[in-house]
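First comes the structure, then the notes that go with it.
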Amino acid sequence: MALEIGPRDSLDIGKVLAGAVSAGRARLGDLLIVAVFFLLLPQVLLGFAPGKFPDPEYGFWNFLASLPGMVFDGAAGLILYGALSGGGAEPPAAGAIRGALRRLARIFMVQVVAGVGIVLGLVLLIAPGLFLASVWLVATPLLVIEDTTVAGALRRSLDLSKGSRWRLLAILGIMTLIVVGLAIVFGGVLGVLIATAGPADMQERLIKFIVTPILAVLVRVVTLSVITSTYAELRRIEAGATTRQVAQTFE
């Protein structure tokens with residue numbers, strides 16, 4: 001008889017957020033090392049790109065600057081899951097970077113496939129896009145941690161989401177609020193300082209080379225911490241369900 005997962009096996013949003021905070025604090029040093037090289041530096045260099053958004057030429061350079069961010073996504077997943085898995089391996093920054101680089105092509109593909117699917121879903125009917133965004137939320141950390149294929153990561157992320165999809169959607173909403181809050185608070189505080197920095201061209205340079213890169217790092221570190229913690233919690237639910245299934249066969 002198939003096992004029905006009861007209320008105790010629901011995704012606990014409180015545990016997800018607490019895990020994100022604890023893992024982020026425990027591995028902040030390694031996360032920042034990876035972030036400096038694969039998020040901060042590319043964003044600073046992007047400030048030298050010709051043109052402005054939405055110019056096609058600027059879009060090309062923005063795309064190139066986003067590629068190192070995928071290395072950060074993979075490395076951060078490995079680093080954070082090590083802290084969340086309770087005694088699991090905790091790779092240092094260098095080891096996590098190597099692991100992410102080995103999987104970079106697959107990280108790129110899974111993010112492109114998921115991104116296109118989500119955008120199309122949002123454009124067509126909105127609800128399908130939100131559904132795909134929730135069920136594929138953990139696809140990137142899943143791919144790097146379990147070292148699976150692109151199709152395998154998307155399929156397994158879908159499977160892990162069963163029974164928790166409304167809560168995954170709530171986590172997406174919480175992450176959106178966090179990102180907006182960071183942008184308002186961080187941008188507001190620095191905006192006041194920049195307003196006194198002098199001429200308009202000086203203010204523009206400060207935004208391009210300081211505000212935007214630092215905000216990009218903050219947002220990515222926070223969101224990856226939440227996403228990886230979500231994956232760890234879904235794995236815990238899966239392990240608990242499997243344990244009970246095995247126990248039931250001997251009753």
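- The side-chain contact (heavy atoms from CB on, under 4.5 Å) test with Val16 singles out one residue from Thr230, Ile174, Leu234, and that residue is Thr230.
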Task: Chi angles and distances behind the side chain to side chain contact (heavy atoms under 4.5 Å, CB included) call for Leu84, Ser229 - done: CA-CA 7 Å; Leu84 289 161; Ser229 182; 4.1 Å; yes

Task: Residues Leu46, Thr212; criterion side chain to side chain contact (heavy atoms under 4.5 Å, CB included); working and verdict - done: CA-CA 10 Å; Leu46 181 62; Thr212 300; over 6 Å; no

Task: Verdict with supporting geometry, Leu41 and Val36, side chain to side chain contact (heavy atoms under 4.5 Å, CB included) - done: CA-CA 6 Å; Leu41 183 58; Val36 165; 5.7 Å; no

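- Under a 4.0 Å N-O distance rule, the pair Arg106/Asp147 qualifies as a salt bridge.
- The shortest distance between side-chain heavy atoms of Ile227 and Thr140 does not fall below 4.5 Å.
- For Arg27 (side chain) and Leu80 (main-chain N/O), no donor-acceptor pair under 3.5 Å exists by modelled atom type.
- Residues Ala100 and Ile107 approach most closely at O-CD1, 3.9 Å, considering heavy atoms.
- Contact detail for Ile79 and Ala96: the closest heavy-atom pair is CG1-CB, 3.5 Å.
- Transitive grouping of hydrophobic side chains (ILVMFWY, heavy atoms separated by less than 4.5 Å) brings Trp166 and Tyr231 into a common cluster.
- Tracing side-chain contacts under 4.5 Å through hydrophobic residues (I, L, V, M, F, W, Y), one never reaches Val211 starting from Ile184; they form parts of separate clusters.
- Within the 3.5 Å criterion, the main-chain N or O of Ala153 finds no donor-acceptor partner in the side chain of Ser157.
- Atom CG of residue Leu28 and atom CD1 of residue Ile33 lie 10.0 Å apart, to the nearest 0.5 angstrom.
- If you take CZ on Phe38 and CG on Asp73, they are separated by 11.5 Å, rounding to the nearest 0.5 Å.
- When every heavy atom of Ile145 is checked against every heavy atom of Gly77, the shortest pair comes out as CD1-O, 3.8 Å.
- One distance of note links CG of Leu11 with CG of Leu160; it measures 10.5 Å at 0.5 Å rounding.
- With hydrophobic clusters built from ILVMFWY side chains whose heavy atoms lie under 4.5 angstrom apart, Met70 shares a cluster with Phe63.
- Between Asp159 and Arg156 there is no salt bridge, since no side-chain N of the basic residue sits under 4.0 Å from a carboxylate O of the acidic one.
- One N or O on the side chain of Arg103 and one on the backbone of Gly99 form a donor-acceptor pair closer than 3.5 Å.
- Taking the six-membered ring for Trp and the full ring otherwise, Phe48 and Phe209 have centroids separated by under 6.0 Å.
- Environment of CD1 in Ile126: sparse, with no more than 12 heavy atoms of neighbouring residues, nucleotides or ligands closer than 6.0 Å.
- One finds no salt bridge joining Glu238 and Lys162 here, because no Lys/Arg side-chain nitrogen approaches an Asp/Glu carboxylate oxygen to under 4.0 Å.
- When only modelled atom types and interatomic distance are considered, Tyr81 and Glu146 share no side-chain donor-acceptor pair under 3.5 Å.
- Counting heavy atoms from C-beta outward, Leu169 and Leu172 have side chains that approach closer than 4.5 Å.
- A donor-acceptor pair under 3.5 Å is absent between the side-chain atoms of Thr228 and the main chain of Ser225, judged by distance alone.
- Summarising the geometry, atom CZ belonging to Arg167 is positioned 14.0 Å from atom OG belonging to Ser134; distances are rounded to the nearest 0.5 Å.
- Between Phe37 and Pro42 the shortest side-chain heavy-atom distance does not fall below 4.5 Å.
- Checking side-chain atoms of Arg165 against main-chain N and O of Phe131 turns up no donor-acceptor pair under 3.5 Å.
- Among all heavy-atom pairs drawn from Ala35 and Val217, the shortest one is CB-CG1, 3.9 Å.
- Using a 4.5 Å heavy-atom threshold, the side chains of Gln43 and Leu215 count as separate.
- Side chain of Trp136 to main chain of Leu154: a donor-acceptor pair is present (N/O by atom type, distance under 3.5 Å, no hydrogens or angles).
- Note: the hydrophobic cluster containing Val21 does not contain Ile171 (ILVMFWY, side chain heavy atoms under 4.5 Å, direct or indirect links).
- Under the 4.5 Å side-chain heavy-atom criterion for ILVMFWY residues, no single connected hydrophobic cluster contains both Leu125 and Leu120.
- Proximity of a side-chain donor or acceptor of Thr149 to a complementary backbone N or O of Gly152 within less than 3.5 Å is detected.
- Contact annotation: the side chain of Leu101 never approaches that of Arg98 to less than 4.5 Å [non-hydrogen atoms, C-beta and beyond].
- Distance check: Leu40 CG to Leu45 CG gives 9.5 Å after rounding to the nearest 0.5 Å.
- Rounding to the nearest 0.5 Å places CD of Glu233 at 10.5 Å from CD1 of Ile13.
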- [ ] Dump the intermediate steps for side chain to side chain contact (heavy atoms under 4.5 Å, CB included) on Leu168 and Val135, then the final yes or no.
- [x] CA-CA 7 Å; Leu168 288 169; Val135 301; 5.7 Å; no

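- Shown here for Leu39 and Ala216, the closest heavy-atom pair between the two residues is CD1-O, 4.5 Å.
- Nearest heavy atoms, Ala75 versus Ile97: CB-N, 4.0 Å.
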